[in-house]
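These notes are about the structure you will find just below.
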Amino acid sequence: WYTEGPKAKLFVEQLCETIGVKYGVLAPNGTLALYLALKAIDIGEGDEVIVPNFTFIASATAVLMTGAVPIFVDVDRCTLQIDIKDCSRVLTSKTKAIMPVHIYGSACDMTSVMNFANSNSLKVIEDAAQAMGVYWDGKHCGGFGDVGCFSFFADKTITTVEGGFVCTNDEIVYEKLMYLRNQGRLNRGTFIHPEVGFNFRMNDLQCAIGVTQLAKKQEIYDRKNYLRNLYIEKLKDIEQIEILGHDESSNIVPFRVCISTRNSSDDLANYLAEKEIQGRTFFYPLNKQPCFQKNEKITSCQDLSDDLFSRSIDAFNRGLCLPVYPSLTEEQVEYVCQCIRGYFGAV
Ligand SMILES: *Cc1c(COP(=O)(O)O)cnc(C)c1O
């Protein structure tokens, strides 16, 4: 078995059990998982999908791939999750779906998202690429919407190097996913294709890695949290820094350790780079993306003025991501924190 075989079957079963959903299919990566999920709930040309302005660009480009248009809304200042209060502003007769993105390892307020979606007859597609092990009110992210999407890219909590997953509790959506991902048929080895579909397979080599990763998922979650708490402990008295918080109803499995400085974080980032500490900026606000500002499909449907997105822009300007991964050592965290303390003169 080189392509999808027994390991793929096992990986899917274990993912469904972990997330608490009835059905799931693999995809080559998280971006294509989002595309597949959008197609399976009939999103396409002429439709608008609400997407938070603060996310990795693939949330929005997956919508564009279907022919639909992503419409941006701002995020909550404290959690950086989609701000449901900003969503009514962008509703039109073309709005078909909303894509909450569980950002940086904690959950969106899914109670508000589902209420808003239900009262406006919108489909819900969860971008849970960063949300393995993340729960809202005791329920795993990805299991709330019509479809939920995960990524197993190299830096995600559970990785298969590249890989993706779409889950659903709806049998009809599941059947559409199956046809779309497997050349428009349910089984391989037959050459009669009832539907038009494509190739969205992973392979058993990747899935073997995935099964091994899942077997130690709790260890990975716990280690990342332990390291984040170590950062918090060692930085808590530095007044110039805030560490990104999350809603009480959500846990966290830190995708990054996200800090905010009082003004621009550029100087600190450069200072740490000189000390051989690799940080990451926050995600660049989608309304400011050069590729979207020159995309007529996007600009003709919405106002991209900065004043509508002040919270995501402010977060980008002041934010900095610190490294957090299971093999990072206590000594390395200590070194990063010492350098930050040195920068602020708090040695
Ligand atoms: C990683 C990521 C994706 C895309 O996943 P790939 O596997 O890299 O294609 C989409 N959305 C978010 C929020 C992500 O973090």
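Remember, it's 1-based here, ligands and their atoms both numbered in the order they're listed.
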- prompt: Once the angle between the rings of Phe72 and Phe309 is folded into 0 to 90°, is it parallel (under 30°), tilted (30 to 60°) or perpendicular (over 60°)?
  reply: perpendicular
- prompt: Given that the side chain starts at C-beta and the backbone is N, CA, C, O, which of these parts of Val101 lies under 4.0 Å from ligand 1, counting heavy atoms, or is it both or neither?
  reply: side chain
task: Do me a favour and list the nearest non-hydrogen protein atom to atom 3 (C) of ligand 1 with residue, atom name and distance?
output: Phe56 CD2, 3.7 Å
query: Would the number of heavy atoms belonging to other residues, nucleotides or ligands and lying under 6.0 Å from NZ of Lys297 be above 12?
result: yes
statement: ligand 1 to Gln130, heavy atom cutoff 4.0 Å, flagged ligand atoms 13 (C), 14 (C), 15 (O)
query: Going by the angle between their ring planes, with limits at 30° and 60°, are Phe54 and Phe282 parallel, tilted or perpendicular?
result: perpendicular
- request: Just say parallel, tilted or perpendicular for the rings of Phe191 and His193, cut-offs at 30° and 60°.
  value: tilted
query: Tyr325 ring centre to Lys224 NZ or CZ under 6.0 Å, with the angle to the axis within 45°?
result: no
- request: Rounded to the nearest 0.5 Å, what's the gap from CE on Met202 to CG on Leu32? Could you check?
  value: 12.0 Å
message: Yes or no: does Lys156 have any heavy atom under 4.0 Å from an atom of ligand 1?
response: yes
- prompt: If you count the atoms of ligand 1 from 1 in the order shown, which ones are under 4.0 Å from a heavy atom of Asn29?
  reply: 7 (O), 9 (O)
field: Part of Leu32 with heavy atoms under 4.0 Å of ligand 1, whether side chain, backbone, both or neither
entry: neither
- prompt: Would you say ligand 1 has an N or O under 3.5 Å from any N or O of Gly30?
  reply: yes
query: Is there a nitrogen or oxygen of Glu162 sitting under 3.5 Å from a nitrogen or oxygen of ligand 1?
result: no
- request: Report yes if the distance between the aromatic ring centroids of Phe283 and Phe316 is under 6.0 Å, otherwise no.
  value: no
statement: In terms of its nearest heavy atom to atom 5 (O) of ligand 1, the top option of Ser151, Ala131, Gly163 is Ser151
- request: Could you name the option among Thr31, Asp127, Ile57 that has the heavy atom nearest to atom 13 (C) of ligand 1?
  value: Asp127
field: Option whose closest heavy atom lies nearest to atom 14 (C) of ligand 1, chosen from Ala129, Pro52, Pro28
entry: Ala129
query: Just which atoms of ligand 1 are under 4.0 Å from any heavy atom in Thr55?
result: 13 (C)
task: Tell me, yes or no, whether the heavy-atom count around Glu239 atom CD, taken from other residues, nucleotides or ligands under 6.0 Å, exceeds 12.
output: no
